[in-house]
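Notes follow the structure.
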2 protein chains.
Amino acid sequence: MHTREISLPGATVGGAILPRASRVTIRDVAFEAGLAVSTVSNALAGKDCVREETRRKVVDIAVRLGYRPSALARSLRSGRSLTMGVLVSDVSNPALVDYVRGVDDVAVREGFTILLGNTDERIEKQVAQMKTLIDHEVDGMVLISQHTEGKEVRELLKIVPYVFIQRRSPHFVDDYVGGDNAASTRKALTYLHELGHRRIGIITGPTASSTAMERLAAYRACVDDLGFDRDEDLVVYGDYDLDAGRRGMHRLWSLPEPPTAILASNDICALGVQDAALELGVSIPDQLSLCGCDDISLAGLRQIDLTTTHMPKRRIGTAAAELLLGKIEQGPNLPPQEIIIPGDLVIRSSCAAPRAKRRRRRAAAAPVAAE
Amino acid sequence: MHTREISLPGATVGGAILPRASRVTIRDVAFEAGLAVSTVSNALAGKDCVREETRRKVVDIAVRLGYRPSALARSLRSGRSLTMGVLVSDVSNPALVDYVRGVDDVAVREGFTILLGNTDERIEKQVAQMKTLIDHEVDGMVLISQHTEGKEVRELLKIVPYVFIQRRSPHFVDDYVGGDNAASTRKALTYLHELGHRRIGIITGPTASSTAMERLAAYRACVDDLGFDRDEDLVVYGDYDLDAGRRGMHRLWSLPEPPTAILASNDICALGVQDAALELGVSIPDQLSLCGCDDISLAGLRQIDLTTTHMPKRRIGTAAAELLLGKIEQGPNLPPQEIIIPGDLVIRSSCAAPRAKRRRRRAAAAPVAAE
DNA sequence: TTGTATGCGTTATCAG
DNA sequence: CTGATAACGCATACAA
């Protein structure tokens, strides 16, 4: 049990394989086969310049010795590491993990390995991680909700192919995959409009998030198009977490004239709103309608039952990884590509027609019956 | 914009730095400094065999050229990759991500990079991923809720240091970090006992999970010690997901004599129980008490408010990573170590005294007031 | 204090 | 078809 032979380096005894102190290399295989290293390499690579018989013998010995080629040496030699970096602000954030999963799906499918890094939304950490990834010679990187600006970041991006997810630069056009923030926001707001809402609050994600800002812009456009109350107090600049939801709810509900519906930055934020609503004794959807974004698996639970926009994050992740692989394959000459994945409104029970029109300025359109 | 010089290999013009087609190597630095490669290497490594003046010049040129040592080459040469593998059944599983985060915490602190892999609870995938990690010469690996048995798995474990999290082998003693499953289960059951419950159902995690089985064993012990109903129908073999909770609840509630309380495999499972309870019109905690395990951040929300056992997963992750680093440092001669991290019962509102003693066999102890 | 030579494990080139 | 050799980028032992 727990034996680890401290055998003489390179020693092989009879038929038994005593693993060397370190690993079995191609040289060991060559020696055992009585062939040259290069022949073994060619045989294992399936080159047709080696006789079938020899190849079989080599393969045989290789598996018998438990030979595994060193990815390090191979990468060093070939210039490709079959490795991709994935940067995420926090792996433990449930709103982000599905992207990682999607990326991983195609990574394993294509024989790539993932180097993972957390950046905690801090640009210095991101820069440090990017450097680390580059040091490890990743063939490319997927940047999930990362900073897109900053001199150092842009400089590092020149070194290696990359794809952004969920956050894109206002100044640079990069390879990017994301949800259709404008369209899905409009869908949600149209739905609320049909229910009869005219005064809608929004809790945004961080201002650094292009996705959040695109949703906000869509909200503002809808204020015009659909005739919602225009009131800057209805816009709360928040985040993607529970606390943003809680604070946003408190803030919006303390308004002289509170909204009848709230659009949360994402589902987690919406859960925070629900929580605060319970705290304040506000009934959802009777007194307040609530709409999230993401459609995390928990949103469908009866105790939550959140109307939300379904964002196929895993698919966004796979699309990004595939885009990246194309980039790696084709070289940097391809023009940057932006892929927008549509999302659908999932209607559950957190939205209803506004109950009583308390001191409203203008009359609402005919409200649809709730639920 | 988007320029990538296709300059002549190695060409440098004046003071400006035209990056070569590939990367800046130590040779470029040496050339620029008019020194030997080894001197540059020593200077950058901070060896005291190089004059301070020379060192400064070297460093200066290195940063000016944007030189970054190749981790690949360095690893190949030094035999240490400053890399650790992390295997997890599914990164997108909220019950698991905190471990990853904890591991990452110490990884970055110690200058390590994480290679991540999903195994989907399937042993072939795990074996494949372990091989990949070994190919990449990780210095060690953290196996989160992975298979501990199997000839191939055990064979691969001999090659590289490793630490298991949340699942350990019944046959082998490995390095392991996990929660105190027995103690925390007993705490929860004692609490339910004090509330007056005598008939308690349990939905277990997968039988392959040692953590799940340890909790089940503790449950069985408590049945004896605390005098709960002994009834195998009260044990539902399930999983760690929503659906296990839903199915478990349906199963338990359809019993001729349903339990008055349920112990779920984890919080996610408990959410599934809540969901099914709402579906069945069963009120928690009035008709049924519910206890989870993990204390995920969502458990504290008012709309969920789940009594559960707090498991400090992130800390378990850091402990595991630290254990692994020690293993890497000290070599394989240290005896395997098992670290058990205590967890505390977090009392919220999902448990209460059983309401009415419907056709019970024996009288319960004096019930404590609910909430 | 600095330079030269060698090897880590591969693969590619070219000669046999 | 097979084999010797050089390189990938770095670090070390040793020579100068």
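Predicted, not measured: the structure shown is a model, and the values here were computed from it.
- Residue B:Ile26 has its side chain nearest to D:dA11 when only C:dT4, D:dA11, C:dT10 are considered.
- Between the CG atom of A:Leu35 and the C1' atom of D:dC1 there is a distance of 11 Å, given to the nearest Å.
- Spacing between atom CG of A:Asn42 and atom C1' of D:dT5 amounts to 14 Å, rounded to whole angstrom units.
- At the phosphate of D:dC10, neither OP1 nor OP2 sits under 4.0 Å from any side-chain N or O atom of B:Ser70.
- Not a single donor-acceptor pair, N or O on each side, falls under 3.5 Å between the base of D:dA11 and the side chain of B:Ser38.
- Comparing D:dT2, D:dA11, C:dT11 against the side chain of B:Arg77 picks out D:dA11 as the nearest.
- Nucleic acid contact class of A:Val37 (heavy atoms, under 4.0 Å, all strands): base.
- Atom pair B:Leu82:CG and D:dA11:C1' shows a separation of 14 Å (rounding to whole Å applied).
- In summary, A:Arg68 and B:Asp135 engage in a salt bridge, as defined by a charged side-chain N under 4.0 Å from a carboxylate O.
- Under 4.0 angstrom from either OP1 or OP2 of D:dG9 there lies no side-chain N or O belonging to B:Arg23.
- Straight-line distance from the CG atom of B:Asp48 to the C1' atom of C:dT1: 11 Å, rounded to whole Å.
- Ranked by how close their nearest DNA chain C nucleotide is to the 5' end, A:Tyr67 and B:Ala36 are led by B:Ala36.
- For the pair A:Arg64 and A:Glu32, the salt-bridge criterion is met [side-chain N within less than 4.0 Å of a carboxylate O].
- Rounded to whole angstrom, the span from the CG atom of B:Leu44 across to the P atom of D:dT12 amounts to 13 Å.
- Within 6.0 Å of CZ on B:Arg56 lie no more than 12 heavy atoms contributed by other residues, nucleotides or ligands.
- When each of B:Thr39 and A:Leu76 is assigned the nucleotide of DNA chain C bearing its nearest heavy atom, the one mapping closer to the 5' terminus is B:Thr39.
- Residue B:Arg80 is out of contact with every strand shown, counting any heavy-atom pair closer than 4.0 Å.
- Screening B:Val100, B:Thr119, B:Val97, B:Asn93 against B:Ile144 for a side chain to side chain contact (heavy atoms under 4.5 Å, CB included) leaves a single residue, B:Val100.
- In this entry the distance linking CZ of A:Arg55 with P of D:dC1 reads 13 Å, nearest Å.
- We find that CD of A:Glu137 is positioned 14 Å from C1' of C:dT10, with the value rounded to whole Å.
- Using a 4.0 Å heavy-atom criterion, one finds that B:Leu72 contacts no nucleic acid atom at all.
- Under the 4.0 Å criterion applied to side-chain N and carboxylate O atoms, B:Arg154 and B:Asp174 are assigned as salt-bridge partners.
- Counting any heavy atom pair closer than 4.0 Å across all strands shown, A:Ser75 reaches no nucleic acid atom.
- When heavy atoms are screened at a 4.0 angstrom cut-off, A:Ser78 is found touching no nucleic acid atom at all.
- Between B:Lys47 and C:dT2 there is no side-chain N or O to OP1 or OP2 distance below 4.0 Å.
- Rounded to a whole Å, the CZ atom of B:Arg27 is 6 Å from the P atom of D:dC8.
- If you find the closest nucleotide of DNA chain D to B:Pro69 and to A:Val50, the one lying nearer the 5' end belongs to A:Val50.
- With respect to B:Asp175 and B:Arg168, no salt bridge is recorded, no charged nitrogen being found less than 4.0 Å from a carboxylate O.
- At D:dG9, none of the side-chain N or O atoms of B:Thr25 fall inside 4.0 Å of OP1 or OP2 (strictly under the cut-off).
- Comparing D:dG3, C:dT10, D:dC1 by their nearest atom to the side chain of A:Arg51 picks out D:dC1.
- In terms of phosphate contacts, A:Thr54 brings a side-chain nitrogen or oxygen within less than 4.0 Å of OP1 or OP2 of D:dT2.
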